[in-house]
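Each remark here refers to the structure printed beneath this line.
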Amino acid sequence: MQVKLCRLRTHQWCFILFNVFLFHALLFGADFVEEYFLQSLPYVDVKVLEIKEKARKLNLEPLKSDLSKFYIRSQSDMCLGPNIFLLSLVFSSPENGTRRNLIRKTWANMTAVGGYRILTLFATGIPASGIADSEIKLESNKYGDIIQGKFLDISGNQTLKTILMTQWVITFCPNAMFILKVDEDMFVNLPKLVDYLLTLKAHPEDIYIGRVIHKEMPSRDPRSWGFVPLSHYPEKYYPDYCSGEAFIISQDVARMIYVASEEVPVSVPSDVFMGICAKYAGLVPIHSSRFSGKRHIRYNRCCYKFIFTSLETKDEELFLEWREINDGIDCTLLETYYGLITCKLLTYFDNFKYFNMDVLKDDAMYLAD
């Protein structure tokens with residue numbers, strides 16, 4: 001029996017439209033709420049004004065004359081020349097030369113977008129094991145894009161790494177309007193990111209943008225990674241902060257973060273550290289759901305042409321993704337809509353699968369005990 005849409009009654013149409021609305025509300029509602037209702041209001045007190053004033057008058061000349069105290073390889077001349085619209089600092093482990101080469105061949109293989117200069121550098125430290133310093137030296141001499149700080153590059157030193165690289169930015173790259181901090185296992189859609197930042201170009205101050213984490217509680221378990229004792233951070237919740245996998249700050253924010261860092265304990269996770277420094281400086285993180293945060297977004301060409309980042313992109317996937325989003329073929333509005341729905345649904349299914357696996361592991365450990 002053939003069903004004709006024109007014969008549907010009013011209540012049937014209402015039922016269909018309601019379900020369509022409900023489907024979209026469930027799929028996109030969380031992003032909408034995060035984008036528009038979880039934003040804090042900026043605040044100003046005497047301490048905030050002091051930090052802003054100190055950041056404005058910051059004298060970094062003494063640091064330039066004593067580079068060897070903080071950096072093994074500083075690349076201090078990399079930012080000379082025309083102003084840089086976007087500086088990408090890729091936080092990389094010293095051992096991961098293969099990944100750095102892959103990034104150079106894909107999303108970092110751009111020096112300008114729409115006539116605006118962009119620059120990508122790699123931030124690393126001293127290898128704990130598995131690689132000789134001579135290998136990093138050879139790579140640095142070949143590409144000239146590695147900033148190597150004088151610290152052991154391990155998980156417990158990522159906050160120190162953040163401080164030293166922020167110091168490098170404000171000392172040697174003060175002509176960079178925006179700074180992208182990004183981990184090496186991320187996919188980055190630089191053209192779309194630059195398009196978005198161009199909308200902020202008229203007022204490029206107080207910018208701290210990423211996927212905002214709201215009301216996260218510190219870990220009080222001494223056995224867990226990221227443990228923070230009450231003596232170091234007594235508050236119940238962390239302030240809102242941008243997930244550390246990828247976020248954007250403006251040049252003035254980098255200076256304020258650096259000044260505020262003197263008063264924040266380095267024992268907190270590095271992205272939380274940035275959020276606390278931002279709070280001390282009276283800054284409010286801006287949420288964008290186009291940053292993936294800790295999630296891997298399942299690949300769809302039109303979806304990836306819209307989002308800014310995706311986590312845990314495998315080497316073989318990165319080549320495909322970068323080639324296809326730069327194929328010169330724009331997606332229609334309908335294709336973008338379909339792509340966003342597809343990658344969101346698949347990503348939710350993946351998260352559900354991983355959640356179930358974690359539950360099974362916990363149950364197995366419980367039964368083993």
Side-chain angles (χ1 to χ4, degrees), residues 26-36 38-39 86 88-92 96 99 102-103 106-108 110 120 158 162 178-197 207-214 216 240-249 269-272 274-275 285-326 331 336-355 357-358:
L26 291 172
L27 196 60
F28 296 104
D31 289 340
F32 177 81
V33 169
E34 289 173 345
E35 200 90 32
Y36 296 100
L38 294 183
Q39 303 294 343
L86 176 63
S88 299
L89 268 184
V90 184
F91 276 40
S92 176
N96 288 353
R99 184 68 180 190
L102 181 62
I103 292 172
T106 53
W107 66 262
M110 305 183 77
T120 300
Q158 294 309 295
T162 298
F178 298 107
I179 300 97
L180 166 67
K181 182 272 172 183
V182 59
D183 290 343
E184 63 186 350
D185 56 352
M186 300 291 285
F187 163 83
V188 181
N189 185 349
L190 278 180
K192 282 299 179 185
L193 191 54
V194 170
D195 286 347
Y196 172 73
L197 292 175
I207 302 298
Y208 175 35
I209 302 174
R211 176 166 284 274
V212 174
I213 307 299
H214 183 68
E216 183 177 63
D240 288 359
Y241 66 93
C242 292
S243 189
E245 290 75 22
F247 58 82
I248 294 277
I249 58 174
S270 58
D271 47 5
V272 173
M274 288 290 294
I286 303 167
H287 178 78
S288 172
S289 58
R290 295 169 77 177
F291 286 93
S292 65
K294 294 177 171 61
R295 296 183 301 174
H296 170 67
I297 308 299
R298 284 283 291 272
Y299 181 70
N300 173 279
R301 186 179 70 90
C302 291
C303 175
Y304 267 55
K305 279 179 175 282
F306 179 80
I307 63 173
F308 296 149
T309 64
S310 178
L311 179 65
E312 294 179 349
T313 304
K314 296 179 181 177
D315 291 359
E316 61 273 14
E317 293 175 338
L318 192 56
F319 269 116
L320 170 67
E321 293 161 359
W322 183 247
R323 185 176 69 248
E324 289 199 352
I325 71 163
N326 288 280
C331 292
T336 301
Y337 167 79
Y338 172 76
L340 288 173
I341 288 180
T342 301
C343 66
K344 269 185 169 291
L345 283 174
L346 292 175
T347 300
Y348 284 144
F349 289 149
D350 286 344
N351 291 340
F352 182 73
K353 178 178 67 177
Y354 294 143
F355 172 77
M357 287 300 294
D358 289 340

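The figures that follow rest on heavy atoms only: side chains count, while hydrogens, waters and symmetry mates do not.
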Using every non-hydrogen atom in the two residues, find where [X] and [Y] come nearest and quote the distance to one decimal.
X    : Y    : value
P285 : C242 : CB-SG, 3.9 Å
D315 : R99  : OD1-NH1, 2.7 Å
C331 : K305 : SG-CD, 3.6 Å
G210 : F247 : CA-CB, 4.3 Å
P191 : W322 : CD-CH2, 4.1 Å
T347 : R298 : OG1-N, 3.2 Å

Inset, instruction - Carefully, step by step, assess S243 and K294 under the rule side-chain contact (heavy atoms from CB on, under 4.5 Å). - result: CA-CA 7 Å; S243 189; K294 294 177 171 61; 3.4 Å; yes
Inset, instruction - Identify whether NZ of Lys or CZ of Arg in R290 sits under 6.0 Å from the centre of the six-membered ring of F306 and within 45° of that ring's axis. - result: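 Yes.
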Got a second to check how far [X]'s [atom1] is from [Y]'s [atom2], nearest 0.5 Å?
X    : Y    : atom1 : atom2 : value
I209 : I248 : CD1   : CD1   : 7.0 Å
L345 : L340 : CG    : CG    : 11.0 Å
N326 : W107 : CG    : CH2   : 13.0 Å
T106 : L190 : OG1   : CG    : 9.5 Å
T120 : L180 : OG1   : CG    : 8.0 Å
E316 : E321 : CD    : CD    : 9.5 Å

Legend entry - Set of ring pair (Phe, Tyr, Trp, His ring centres under 6.0 Å) partners for Y304, sequence neighbours left out: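 Once residues adjacent in sequence are excluded, the partners of Y304 under the ring pair (Phe, Tyr, Trp, His ring centres under 6.0 Å) criterion are F187, Y299.
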Inset, instruction - Check the surroundings of atom NZ in K314: do more than 12 heavy atoms from other residues, nucleotides or ligands lie under 6.0 Å from it? - result: no
Legend entry - Check against side-chain contact (heavy atoms from CB on, under 4.5 Å), H287 and H214: CA-CA 10 Å; H287 178 78; H214 183 68; over 6 Å; no
Inset, instruction - Kindly state each residue pair satisfying salt bridge (Lys or Arg N to Asp or Glu O under 4.0 Å) with at least one member in residues 178-195, sequence neighbours excluded. - result: K181-D183
Legend entry - Note, V212 side chain near I286 side chain (heavy atom, < 4.5 Å):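 No - every pair of side-chain heavy atoms lies 4.5 Å or more apart.
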Inset, instruction - Determine whether E245 and L311 make a side-chain contact, defined as any pair of heavy atoms from C-beta on separated by less than 4.5 Å. - result: yes
Inset, instruction - Please work out which of the three classes, parallel, tilted or perpendicular, describes the rings of F308 and F291, given edges at 30° and 60°. - result: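 The arrangement is perpendicular - the two ring planes meet at more than 60°.
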Legend entry - Derivation of the side-chain contact (heavy atoms from CB on, under 4.5 Å) call for I307 and N189: CA-CA 7 Å; I307 63 173; N189 185 349; 5.7 Å; no
Inset, instruction - May I have the step-by-step check of side-chain contact (heavy atoms from CB on, under 4.5 Å) for I249 and I207, ending in yes or no? - result: CA-CA 5 Å; I249 58 174; I207 302 298; over 6 Å; no
